[in-house]
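Below: one structure, written as structure tokens.
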2 protein chains.
Amino acid sequence: MRKPQILEAAAAVITERGLSNTRIADVAERAGTSAPAVLYWFDTREQLLTAALIADEEDFAARVGARLESASSAAEKLMLLIDATVAEPRIDLWIELWARSLHDPEAARERLRRDRVWRSLFAEVVVAGRAAGEFDAGVDPDLAALSIASFMDGLSVQMTLRDPAITPELMGDLLVAHAESILGARISGALDAEAVGA
Amino acid sequence: MRKPQILEAAAAVITERGLSNTRIADVAERAGTSAPAVLYWFDTREQLLTAALIADEEDFAARVGARLESASSAAEKLMLLIDATVAEPRIDLWIELWARSLHDPEAARERLRRDRVWRSLFAEVVVAGRAAGEFDAGVDPDLAALSIASFMDGLSVQMTLRDPAITPELMGDLLVAHAESILGARISGALDAEAVGA
DNA sequence: GGGTACTTTGAACGACGGTTCAGCTTTCGG
DNA sequence: CCGAAAGCTGAACCGTCGTTCAAAGTACCC
């Protein structure tokens, strides 16, 4: 069962050469096999590419979701989410997925599904924080999630494209400020505070 | 001199079929000419595509810039910028340009240049509004511009990809709220106010 | 140790589409 | 008119993959 290796190889190649420049042979080589072998597992190149994008996305969300378990307060969870995004700007693949979604219904459907999962991570945190009295009681979780996640996307694009106007620290600061303004709460320092305090 | 027509046709085809699916023949057909004729004006397909993306972008910025002239207050200008973006979601081409920038230095350079122009529209408005006492005196124009423009990008992506969670009105509201929070000023209603008042 | 299903391979096919090219038409200055 | 430059055309060329296929391993079960 080489499917996982192939998907991983595909994600790597896509990151490196771009979606449209990714050839089956490239993926095969990186996975240590041959082009027809790849096509044995995936009926077509299109399928392979879409599957790779989605698999990578699922991977990331799962990893981040796991990290959230260890956090105690909602503020800390939020900081973790921001941190993870700033530290690991794998927006490369998102941009490719977006571009693909524009003209591939299958990709569009999947990207919507994955985005919902991603945003629900935020929404859950907001719900928890609201219940715990950490955040404003009047905040709409879904709206807050949409707002924060969208801001993240926009900033990530600039970061990934190496805009000199933005640095990881700056991106983090802007996100924190935005979240605090929306949620009516202080969250910056939640990470250190947890480590120091308790 | 058919260059303009060809560029226009190219932008249309790219929007419709996506960058990587755009064939020279498609562009030629839409421009009412032949593939070799297109290649007469542009040495290569790559050049054509990059040029088309940039030309379209320049076009949009110029159009919006012109509209700004007519506004009197900074708040109104800001509302116009938000309005223009919400109303005309041509992020399609931006996404394509982003994806291309990931692996094409030429595209990356151009996209950076164009983004600077776009953001400077915001920065100038902030400077003016600050001078006029409309906005907080402590606001950093470039930072505010980066923040607002990035948020716009993120939201536009969701809009363009037809995320059911977002509507034009909602997008406008979120942007206005964000801008107001950053600038410490009320800008919503600036458009109507101008029309009614004065 | 033979059968069966699964996996992989090398080689070749075939289409698509960018690019080239030789020549035709048009424009325009003198 | 003439000739040269500019603009364009149809047709062909050709490289690049995605994909197919027949045959060869490989693993596993009875």
Side-chain angles (χ1 to χ4, degrees), chain A residues 1-56 93 96-97 99-108 110, chain B residues 1-56 92-93 96-97 99-107 110:
Chain A
M1 187 51 158
R2 321 204 50 158
K3 237 171 168 171
Q5 291 92 303
I6 294 177
L7 284 174
E8 201 177 333
V13 175
I14 294 172
T15 304
E16 194 169 301
R17 324 190 23 137
L19 200 51
S20 54
N21 290 322
T22 295
R23 288 161 298 184
I24 294 185
D26 298 329
V27 176
E29 187 183 11
R30 182 173 291 240
T33 180
S34 66
V38 170
L39 285 184
Y40 173 79
W41 293 102
F42 300 88
D43 286 349
T44 174
R45 172 175 176 267
E46 300 293 290
Q47 258 178 50
L48 165 66
L49 295 180
T50 307
L53 290 176
I54 290 162
D56 182 85
L93 292 186
E96 302 283 6
L97 181 58
R100 193 179 192 68
S101 297
L102 288 171
H103 307 98
D104 172 359
E106 164 74 8
E110 279 304 330
Chain B
M1 189 53 160
R2 320 203 51 160
K3 238 172 167 172
Q5 291 91 304
I6 293 177
L7 284 174
E8 201 177 333
V13 175
I14 294 171
T15 304
E16 194 170 300
R17 324 191 24 137
L19 201 52
S20 55
N21 289 323
T22 295
R23 287 161 299 185
I24 294 184
D26 298 329
V27 176
E29 187 182 13
R30 182 173 295 237
T33 181
S34 67
V38 170
L39 255 357
Y40 173 80
W41 293 102
F42 300 88
D43 286 349
T44 174
R45 172 176 177 266
E46 300 292 290
Q47 260 179 48
L48 165 66
L49 296 180
T50 307
L53 289 176
I54 291 162
D56 182 88
D92 290 51
L93 291 186
E96 303 283 7
L97 182 57
R100 191 177 194 70
S101 297
L102 288 171
H103 306 99
D104 172 358
E106 164 76 8
E110 278 305 329

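Not measured: the values here are computed from a predicted model. Chain letters run A, B, ... following the sequence lines, proteins first, then strands; residues in each count from 1.
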_Let's see if you can work this out: which of D:dC21, C:dG18, D:dC8 has an atom nearest to the side-chain heavy atoms of B:Arg45?_
C:dG18

*In Å and rounded to the nearest 0.5 Å, what is the CD to OG1 distance from A:Glu96 to A:Thr15?*
8.0 Å

*Do the side chains of B:Leu7 and B:Phe42 get nearer than 4.5 Å, heavy atoms only?*
yes

*Check the distance between D:dC17's C1' and A:Leu49's CG and give it to me in whole angstrom.*
13 Å

*Nearest of D:dT20, C:dG18, D:dT9 to any side-chain atom of B:Ser34?*
D:dT9

*In whole angstrom, what separates B:Ile24's CD1 from D:dC8's C1'?*
15 Å

*Interatomic distance where CZ belongs to A:Arg17 and C1' belongs to D:dT16 [whole Å]*: 12 Å

*Nearest-Å distance for atom pair CZ/P, residues A:Arg23 and D:dT16*: 9 Å

*For residues A:Gln47 and A:Glu106, determine if any side-chain heavy atom of one lies less than 4.5 Å from a side-chain heavy atom of the other.*
no

_Nearest-angstrom distance from the residue atom CG of A:Leu19 to C1' of D:dC17_ = 16 Å

*asked:* Are A:Arg100 and A:Leu49 packed together at the side-chain level, in the sense that at least one heavy-atom pair is separated by less than 4.5 angstrom?
replied: yes

*Quickly work out the A:Asn21 CG to D:dC17 C1' distance and round it to whole Å.*
12 Å

*5' priority, DNA chain C, between A:Pro36 and A:Tyr40 [closest heavy atom]*: A:Tyr40

*Measure the spacing between CZ of A:Arg30 and CD of A:Gln5 and express it to the nearest 0.5 Å.*
14.0 Å

_Protein-nucleotide distance (A:Lys3, atom NZ; C:dT8, atom C1'), rounded to Å_ = 16 Å

*If you look at every strand shown and take non-hydrogen atoms under 4.0 Å, does B:Leu39 touch a base, only sugar-phosphate, or nothing?*
base

*In whole Å, what is the span from the CG atom of A:Asp43 to the P atom of C:dT7?*
14 Å

*Phosphate OP1/OP2 of D:dC8: any B:Trp41 side-chain N/O under 4.0 Å*: yes

*Is any side-chain N or O of A:Thr44 closer than 4.0 Å to OP1 or OP2 of D:dT19?*
yes

